Amino acid sequence: MADKITSRENDYSQWYLDVIKSAKLADYSPVRGCMIIRPNGYALWENMKEALDGMFKETGHQNAYFPIFIPQSFLAREADHVEGFAKECAVITHSRLKVDEEEGLIADPASELEENLIVRPTSETIIWDTYSRWIQSWRDLPILINQWANVVRWEMRTRLFLRTMEFLWQEGHTAHATEQEAIDETLTILDVYAKFAEEYMAVPVLKGVKTASERFAGAVETYCIEALMQDGKALQAGTSHFLGQNFAKAFDCQFQNKNNELEYVWATSWGVSTRLIGALIMVHSDDAGLILPPRLAPVQVGLVPIYRSDEDRENVLAAAREIEQELKAVGIRIHIDDRDGFRPGWKFAEYEVQGVPVRLAIGPRDVQNGTVEVARRDSGEKTSTPREGLADRMTEILESVQQGLFEKALAHREANTTTVESYDEFKQVLEEKGGFIRMHWDGTEETEKRIKDETKATIRLIPMEGYEEAGVDPVSGNPSKGYVVFARAY
RNA sequence: CGGGGUGUAGCGCAGCCCGGUAGCGCGCGUCGUUCGGGACGACGAGGUCGUGGGUUCAAAUCCCGCCACCCCGACCA
């Protein structure tokens, strides 16, 4: 008997945790705030990684790897950066342990490090230290590097996938000769992220710019994609930062331009993390468990063979293998659950809770009739269909599931995006409905903070499209350049 | 860092108030019957009761300390 999943209506955040547990995506670790990513979760991450990695390479980037340890002094070089990250750094002070007679195993005082090391919370500092040695001339630019890595941020409050102390991510760090080129890079990546979210994750996203208070520590401008979860809360799904010359100046990274002048290098950084898995869960899944978009699902089609006698078993499994070959031939990831000792109903339930997009079942009756049962995870719809032409039909169904998930999520977002003209209306919508709320904003940090303090809603982004529409900020009464998007966020 | 909660078999929990043989469900092992939506029976394995101390003839249970984790909130990808 599987664990019961709390309904979304009953307790959304418990539901989220239940889905992760039932679908065997992750587990808690012995250390607070850290998670064990189980094979189901990791396979999902690998698929995300593969798709993104391809897109990065397509846009001219290369992978590299920088060390996990950073000299403590590096962090202090960029003022905003240190302020943003200092409070959540794991610090390494010793290099070995020893057995103390009274206290047992302790850090050996004799091994105290000359300089503390920090476990990277992000790699700007060590990378810009490196770039300063790699870059001398305009001919050395641009540098377009990405790395797949783990980072550690000593968070007060953690949630599986959404915020863990250690998480997996990719971080791109690019160096450019001109400001415009760096800005273009920032936006190129933002588009890559949006495309990935929508086409692979089937999660519609808004693209925009963060306000100063929500900006990355050390950035000149932070661009982001924001998604809306089923409970009406927003989730930042990816960020792309234009860093200006801040890090180049902090790490003294200059180059000689074509006019023989020394200039500081222009920088960007950008990242998405295993948090995307959290987004995926919260956007699509239901009370029966996980629902995965076919393009990312580790198993796209799960096949359950049904038999009683040995003879049936042989015939059914033979048919199952044929189907497997046909589907594999058209590039479908199919898995046959041929384990004896598990009954079909159990297997159905397992595929369901694990979010496998389509489930097939084939038994003696089907073998005789040349049919197979097809069940869609998204709609629950079950049909019996001829084996003839199955591969093509499966391709269509998977495409239709992928499309359907996106459309459903988009419809949800649209139904939960409200434009308001007064602060009272804003508060009312926030309480009763949640979601994205568009409202005029005067552009001041003061107003932004007041709204946040009073309602817990933050400006998720200043939209990149359709922003210029002058009006009045209903909170301050001051003029506004356009509507910005508010929400309560994870 | 504030609030709440929990530590007893692999997992979920009861037992604690009122001290005296450590229990239930799921899972696990063997055998048999089953198998088209999470099957059933029989037998069986599995526990330093988070940890240190105290009270007592006797502590999972009472007292004191410590540790850990989870959930909610503030802060943050």
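Letters go in sequence order (proteins before strands), and every chain restarts at 1. Keep in mind that what you see is a predicted model, and the values were worked out from it rather than measured.
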Among pairs that include at least one residue of residues 63-77 of chain A, which meet salt bridge (Lys or Arg N to Asp or Glu O under 4.0 Å), considering only residues two or more places apart or in two chains? none
For the backbone of A:T447 and the side chain of A:T444, can you confirm whether one donor and one acceptor N or O come within less than 3.5 Å of each other? yes
Looking across every strand, which nucleic acid part, if any, lies under 4.0 Å from A:T222 by heavy atom: base, sugar-phosphate, or nothing? nothing
Suppose we define a pair by two distances each less than 3.5 Å, Watson-Crick or G-U wobble; what does B:A42 pair with here? B:U30
From the candidates B:A77, B:G38, B:G37, the one with an atom nearest any side-chain atom of A:F348 is B:G37
Of the candidates B:G37, B:A74, B:A77, the side chain of A:A375 sits closest to B:G37
Distance check, P atoms only: B:A60 and B:G38, in whole angstrom units. 43 Å
Nearest-Å distance for atom pair CZ/P, residues A:R157 and B:G4: 16 Å
Distance-only donor-acceptor hits, side chain of residues 197-209 of chain A, under 3.5 Å, sequence neighbours excluded:
from   : atom 1 : to     : atom 2 : distance (Å)
A:E198 : OE2    : A:V205 : N      : 2.9
A:Y200 : OH     : A:R295 : NH2    : 3.3
A:K207 : NZ     : A:D191 : OD1    : 2.6

With sugar-phosphate meaning primed atoms plus P, OP1 and OP2, does A:K210 contact a base, only sugar-phosphate, or nothing at under 4.0 Å between heavy atoms? nothing
When the C1' atoms of B:U21 and B:G2 are compared, how many Å lie between them, rounded to an integer? 45 Å
Could you tell me whether a side-chain N or O of A:D18 sits under 3.5 Å from a main-chain N or O of A:T6, the two making a donor and an acceptor? yes
Quickly work out the A:W154 CH2 to B:A77 C1' distance and round it to whole Å. 17 Å
On the 0 to 90° scale, with breaks at 30° and 60°, tag the A:Y131-A:W128 ring pair as parallel, tilted or perpendicular. perpendicular
Rounded to whole Å, the OH-P distance (A:Y28 to B:G50) equals 21 Å
May I ask you to say what A:G289 touches in the nucleic acid, namely base, sugar-phosphate or nothing, with a heavy-atom cut-off under 4.0 Å? nothing
Proximity to the side chain of A:A361 - top-ranked nucleotide from B:A77, B:G36, B:G38: B:G36
Using ring centroids (six-membered ring only for Trp), state whether A:F216 and A:F85 fall under 6.0 Å. yes
Let's test this: given Watson-Crick or G-U wobble pairing with both distances under 3.5 Å, identify the partner of B:A68. B:U6
Kindly write out the residues that satisfy salt bridge (charged side-chain N to carboxylate O under 4.0 Å, His left out) with A:R377, not counting sequence neighbours, or none if the list is empty. A:D286
What I want to check is whether an N or O donor and acceptor connect the side chain of A:R308 with the base of B:G36 at under 3.5 Å. no
What distance, rounded to whole Å, do you find between the two P atoms, one in B:G15 and one in B:G23? 16 Å
Where do N or O atoms of nucleotides 5-9 of chain B meet protein N or O atoms at under 3.5 Å, pair by pair?
none

Taking B:U48 as the reference, what is the distance to B:A22 when you measure between their P atoms (whole Å, please)? 13 Å
Without decimals, in angstroms, what is the distance between A:R32 CZ and B:C1 C1'? 11 Å
Let's test this: given Watson-Crick or G-U wobble pairing with both distances under 3.5 Å, identify the partner of B:C76. none
Relative to the 5' end of RNA chain B, which residue comes earlier, A:K347 or A:R159, by the nucleotide with the nearest heavy atom? A:K347
Pair A:T174, A:T268: side-chain N/O donor-acceptor within cut-off below 3.5 Å: yes
With both distances kept under 3.5 Å, what pairs with B:U56, Watson-Crick or G-U wobble? none
Counting distance alone, no hydrogens or angles: does the base of B:G37 have a donor or acceptor under 3.5 Å from a partner atom on the side chain of A:E352? yes
Whole-angstrom distance between B:C1 and B:A59, as gauged at atom C1': 36 Å
Testing the 3.5 Å rule here: is there a donor-acceptor pair between the side chains of A:E311 and A:S309? no
Counting only side-chain nitrogens and oxygens, does A:R488 get under 4.0 Å of the OP1 or OP2 atom of B:G73? no
Quick one: look up who B:G23 pairs with, Watson-Crick or G-U, both distances under 3.5 Å, and put none if it's unpaired. B:C13
Please classify the nucleic acid contact of A:S13 as base, sugar-phosphate, or nothing, using heavy-atom distances under 4.0 Å. sugar-phosphate
Quick one: is B:G36 close enough that its OP1 or OP2 comes under 4.0 Å of any side-chain N or O from A:R343? yes
Looking at B:G36, B:A77, B:G38, which one has an atom nearest to any side-chain atom of A:W346? B:G38
Considering only heavy atoms, which members of residues 39-51 of chain A lie under 4.0 Å from some atom of RNA chain B? none
Donor-acceptor pairs under 3.5 Å, side chain of residues 152-163 of chain A to any protein atom, not counting sequence neighbours: which ones?
from   : atom 1 : to     : atom 2 : distance (Å)
A:R153 : NE     : A:P121 : O      : 2.8
A:R153 : NH2    : A:P121 : O      : 2.8

Picking from B:G38, B:A77, B:C75, the nucleotide nearest the side-chain atoms of A:M156 would be B:C75
Base, sugar-phosphate, or nothing: which does A:L17 touch, judged by heavy atoms less than 4.0 Å apart? sugar-phosphate
Take atom CG of A:L360 and atom C1' of B:G37, then tell me their distance rounded to the nearest Å. 15 Å
Select base, sugar-phosphate, or nothing to describe what A:Q236 touches, counting heavy atoms under 4.0 Å on all strands. sugar-phosphate
Nearest-angstrom distance, C1' atom, B:G25 to B:C17: 25 Å
Any donor-acceptor pair under 3.5 Å linking the side chain of A:Y193 with the backbone of A:G271? yes
Examine B:C11: is either OP1 or OP2 under 4.0 Å from a nitrogen or oxygen in the side chain of A:K21? Give yes or no. no
Sugar-phosphate only, base, or nothing, as touched by A:Q14 at under 4.0 Å among non-hydrogen atoms: nothing
Which residue, A:P364 or A:R460, contacts RNA chain B at a nucleotide closer to its 5' end, judged by nearest heavy atom? A:P364
Examine B:C11: is either OP1 or OP2 under 4.0 Å from a nitrogen or oxygen in the side chain of A:K24? Give yes or no. no
Given that both distances must come in under 3.5 Å, which nucleotide forms a Watson-Crick or G-U wobble pair with B:U61? none
Salt bridge between A:R321 and A:D338, side-chain N to carboxylate O under 4.0 Å? yes
Between B:C16 and B:A74, how far is it from one P atom to the other, in whole Å? 38 Å
Classify the ring geometry between A:W270 and A:F56 as parallel (under 30°), tilted (30 to 60°) or perpendicular (over 60°). tilted
Here the distance between atom P of B:C35 and atom CG of A:L317, to the nearest Å, is 17 Å
In this structure, how many angstroms lie between the P atom of B:C72 and the OH atom of A:Y16, rounded? 11 Å
Rounded interatomic separation in angstrom, taking CG from A:D340 and C1' from B:C31: 17 Å
When rounded to the nearest Å, what value does the distance between P atoms of B:A9 and B:G19 take? 24 Å
Rounded to the nearest 0.5 Å, how far apart are CD1 of A:I36 and OG1 of A:T164? 12.0 Å
